[in-house]
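Inspection log for the structure reproduced underneath, given as C-alpha cells.
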Amino acid sequence: HNHTMKIAIEGCCHGELDDIYAALQHAERVNGFKVDLLLCCGDFQAVRNQADLDTMACPPKYRKLNTFYKYYSGECVAPVLTVFIGGNHEAATHMWELPYGGWVAPNIYYLGYAGVIKVNGLRIAGQTGIFNSNHFNLGHFEAPPFNSSAIRSIYHIRELEIFRLSQLSSEVDVFLSHDWPQGIARFGNLGQLLRKKSFLREEIDNNTLGSPPAMALLMHLQPRFWFSAHMHVKFPALVHHQQQQTKPMASGDSAAQELPDDTATPVPAPVLGLPKATRFLALDKCLPRRDFIQYLDIPVSSDKEGAQGEAQGQHADMATALTTGDSGDGVSAGEVERVKPLLEYDLEWLTVLRTTSHLWSTSRRQVLMPTPESGQRCDFRPSQAELAATLEMFDGNLLIPSNFVVTAPAHPQNMGPEPTINPQTTEFCSKLGLFDPCTNYMNVLKRRMQTTAPPTFQLQQSPSFGARSMPFAPSMGIDMGPPGNPSAAAVTDTNEIALSDDDSDSDIDAEGHADSHAKDSAPMVQPPQVAADVNEIDLGDDDDDSDDSDV
C-alpha cells in the first residue's frame, strides 16, 4: 500500500513568502492538485524586524523586510508545511537562535546548520549556507552582536556539519543545499546553462563553480534527489553512481569519485538497493516569468516500520520515484492517496548529533575532525545500541513538537541589542544531551558582566585531533586553501550571488563585486507561470527553449 506526496521545490526565496504561496495556490487551482510539502533551497530571509534586517549580509539598498514577518507574527499562516535551509542572505540574529533547527513560524520549519527529518517517511537532509575555504575548518565562533564580517562568515558551512552528514548510512531521499555541488554543471546541458549565464564559463572551465564538500556528499550519500538554488537559474542534471560508499568520509578516504567525462556511459547499478543516479535540479529566485518553483509526485511506501523500526535495524529501502504523468514505478492512480504531512525527527541523525556533540566548537581557530591517526573515534555511524538509547531519550516518540514561540517582536516593533535564547534550542539540547552554544554564550556574557576587569574569555571549544583533516581535497584534486584566518574578513567569492539579478552577466556578488542592477521592476501582478507538465524534471532540454519563461 502506497501513498503519494505532492512536493513543491522553490529556489531562492528572498523573503517573498506571499508571492511564493500565491504561485503555489495558483498552480493548485489551475492543475487540480494539492501540495503537501514545500521545500525552499535557501536565501529564505526569516526577517522578523529591522534589527534582523540589519544583520542580513547584502548591500543596504537591497535590505527589505518583505513578507516573512507576517507569518512570524501570526497575521498570516503558511498554507502548506514549509521546510527550508539557509543561504548566504539570512538574518544572522534569527538563525543563530536555532543552530539545530526548529520552527521559525507556525508551519515553517528550519533544518538548522545541517539537519535530517522525515515527512511521512520521506527522508529529507540539508545543509545551510555556502562553501568558503576561509572558514570551512573553523568553529561556529559567530555570536551577537554581529559585525560586518560575522554576518557573512556565519553562513559559510563548516566541516563539522559535513562530517556529521557523512555518517549517514540509511538512504537519503532528498538533499537540499543552497550552492551547487562542485562540477554538477558537467552532468547537465552545459550549453544551455552558458546561454543563460555566460559569465559562469571561466569557473566551469576551471572547475571552481560550486561547493567541493557538497559534491563529496552527493557522491557519498547518493540521494535520489538533490535540489539547490543560489545561481538564479533553472538547471537539471543527472549523476550516475558507480559504487556504493560503505563508510563515512574521513581523511585519506575517497570522499567523492572523479567526475566522468561522459555521463551517458552506462555504469553498474549500486548494490544494496541504493539508487543508481541522483536527479539534480537548481531553481531560480521568486520573480515574475522565472523558473523558481517545481512540482513533483513522490510515492512513499506506508508499510515502513518507522523510527522505532530503525532502532531495531530495519532500514527499509523507500519506494520513492519521480512520476511523469504515468506511475513510473508501478503505482497506479487508484492506489494513490493523499495524507496529512507528519513531521518526525530522524533517529540516525539524532544519534549522530548526540555522539558528536563534543566536536562542536566556538573557536575562531582551526578545528580538526577526528581521524584514524588521532586515536579518537572517527566513525560515528550509530550502532543498534546507540539508536535504541536515543529513542529511549524521546520515549519512543520522534514526532517534532509544534513548539514555536515568539522570541523577538515582529515588525513594526523592533528588538533590543541583547541576544535571545530560543526555548526550542534549549529543550532540544537538554533532551538529547547536546552542547548548547546559545546558552553557553549567554552564560559567558553573564560572567563578563559580573566582573569589573576588561573581559577576556574563551568560549568552549573541542579538543585537537592531530593533523589537519581535509577529507575532500585529496580525492577531488581541489586545493581547499590554507586554514581560515580569523582576523580576516570574508573573502570575495564569485560563488556568492547577489540579491539583484536581471539575467545579465553581472549578478555576482554581494561581497565585493559591484552590482549596479536593481531588482526586477516587473510587479508580481499575477502568480508566475506554471510549466505545462508540472511533474517533469527535464534532464535533457536539448535545443528546446520552451521552458525559458524569463525570455
Side-chain angles (χ1 to χ4, degrees), residues 46 83 85-86 90 92-104 108-118 125-129 138-144 154 157-165 167-168 307 343-363 367 369 377 380 382 386-408 418-447 457-463:
V83 175
I85 57 168
E90 305 293 351
T93 45
H94 197 182
M95 298 298 96
W96 179 83
E97 293 180 14
L98 296 167
Y100 299 105
W103 300 102
V104 298
I108 303 177
Y109 191 84
Y110 169 52
L111 284 181
Y113 292 143
V116 186
I117 61 171
K118 290 183 177 179
Q127 63 181 42
T128 278
L138 306 188
H140 288 284
F141 62 86
E142 300 88 354
I154 194 173
I157 62 173
R158 301 305 205 265
E159 187 178 17
L160 171 63
E161 277 68 50
I162 304 299
F163 180 80
R164 284 172 161 172
L165 288 166
Q167 307 300 316
L168 299 176
L343 203 63
E344 292 182 287
Y345 292 119
D346 183 85
L347 182 60
E348 186 179 28
W349 177 248
L350 292 179
T351 306
V352 169
L353 289 179
R354 180 172 66 83
T355 57
T356 61
S357 180
H358 64 287
L359 300 179
W360 185 285
S361 172
T362 55
S363 173
V367 179
M369 294 298 103
R377 177 181 178 180
F380 290 91
E386 288 172 331
L387 290 169
T390 301
L391 189 62
E392 186 176 356
M393 292 178 174
F394 284 77
D395 298 321
N397 180 12
L398 296 183
L399 290 178
I400 297 177
S402 298
N403 57 350
F404 165 72
V405 61
V406 172
T407 56
E418 295 299 320
T420 304
I421 293 293
N422 194 308
Q424 294 181 79
T425 298
T426 304
E427 294 169 12
F428 183 76
C429 291
S430 176
K431 177 170 272 190
L432 202 51
L434 301 182
F435 172 66
D436 183 345
C438 303
T439 299
N440 176 74
Y441 178 72
M442 293 296 285
N443 290 338
V444 169
L445 289 183
K446 290 178 181 178
R447 290 197 298 269
F457 58 92
Q458 177 65 47
L459 301 183
Q460 181 173 329
Q461 56 185 294
S462 65

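Note that the structure is predicted; figures quoted are calculated from it, not measured.
Although no hydrogens or angles enter the test, the distance criterion places no donor-acceptor pair under 3.5 Å between the side chain of Arg158 and the main chain of Val367. Judged by distance alone, with hydrogens and angles left aside, the side-chain atoms of Asp395 form no donor-acceptor pair with the main-chain N or O of Asn397 at under 3.5 Å. Side-chain N or O atoms of Glu344 include none that pairs as donor or acceptor with a backbone N or O of Lys118 at under 3.5 Å. With hydrogens and angles ignored, the 3.5 Å screen pairs no side-chain donor or acceptor of Thr362 with any backbone N or O of His140.
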Start with the C-alpha distance between Thr425 and Glu97, add both sets of side-chain angles, then the distance that settles side-chain hydrogen bond (donor to acceptor under 3.5 Å, both in side chains), and finish with yes or no.
CA-CA 7 Å; Thr425 298; Glu97 293 180 14; over 6 Å; no
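For the side chain to side chain contact (heavy atoms under 4.5 Å, CB included) test, residues two or more places apart in sequence or in another chain that qualify with Ala46 are Phe44, Phe68, His94, Met95. The side chain to side chain contact (heavy atoms under 4.5 Å, CB included) search around Ile421 returns Thr426, Cys438, Thr439, Met442, not counting sequence neighbours. Looking at residues two or more places apart in sequence or on another chain, you find a side chain to side chain contact (heavy atoms under 4.5 Å, CB included) between Ala92 and Thr55, Phe146, Ile151, Ile154. The side chain to side chain contact (heavy atoms under 4.5 Å, CB included) test applied to Thr128 returns Ile85, Tyr110, not counting sequence neighbours. Take Asn443 and apply the side chain to side chain donor-acceptor pair (under 3.5 Å) test, not counting sequence neighbours, and it matches no residue. For Tyr109, the ring-ring contact (aromatic ring centres under 6.0 Å, His included) partners are Trp103, not counting sequence neighbours.
With rounding to the nearest 0.5 angstrom, the OH atom of Tyr113 is 9.5 Å from the CG atom of Leu98. Considering CG of Asp346 and OG1 of Thr351, their distance stands at 8.5 Å, rounded to 0.5 Å. Rounding to the nearest 0.5 Å places CD of Gln167 at 12.0 Å from CD1 of Ile162. One distance of note links CG of Asp436 with CD of Glu427; it measures 11.0 Å at 0.5 Å rounding. Here CG of Leu165 is found 9.5 Å from CG of Leu160. Values are rounded to the nearest 0.5 Å. Trp349 contributes atom CH2, which lies 6.5 Å from atom CZ of Arg164 (distance to the nearest 0.5 angstrom).
Shortest non-hydrogen contact noted between Gln424 and Phe404 is NE2-CA, 4.1 Å. Between Leu350 and Leu432 the shortest heavy-atom distance is O-CD2, 3.6 Å. Residues Ile157 and Gln127 come closest through the heavy atom pair CD1-NE2, 4.0 Å. Heavy atoms only, all atoms of each residue included: Val116 and Ala125 are closest at CG2-CB, 3.8 Å. Contact detail for Ser357 and Gly433: the closest heavy-atom pair is OG-O, 4.1 Å.
Aromatic ring centres of Tyr100 and Phe435: separated by at least 6.0 Å.
The side-chain contact (heavy atoms from CB on, under 4.5 Å) test with Pro382 is passed by exactly one of Thr390, Leu168, Leu387: Leu387.
Between Phe428 and Leu353 there is a side-chain heavy-atom pair separated by less than 4.5 Å. Looking at heavy atoms from C-beta onward, Ser361 lies out of side-chain contact with Phe141 at the 4.5 angstrom threshold. For the pair Pro437 and Trp96, the minimum side-chain heavy-atom distance is 4.5 Å or more. Put simply, the side chain of Pro401 reaches to within 4.5 Å of the side chain of Tyr345, judged on heavy atoms. At least one side-chain heavy atom of Pro423 sits less than 4.5 Å from a side-chain heavy atom of Thr407.
Glu392 and Arg354 are not joined by a salt bridge, as no carboxylate oxygen comes within less than 4.0 angstrom of a charged side-chain nitrogen.
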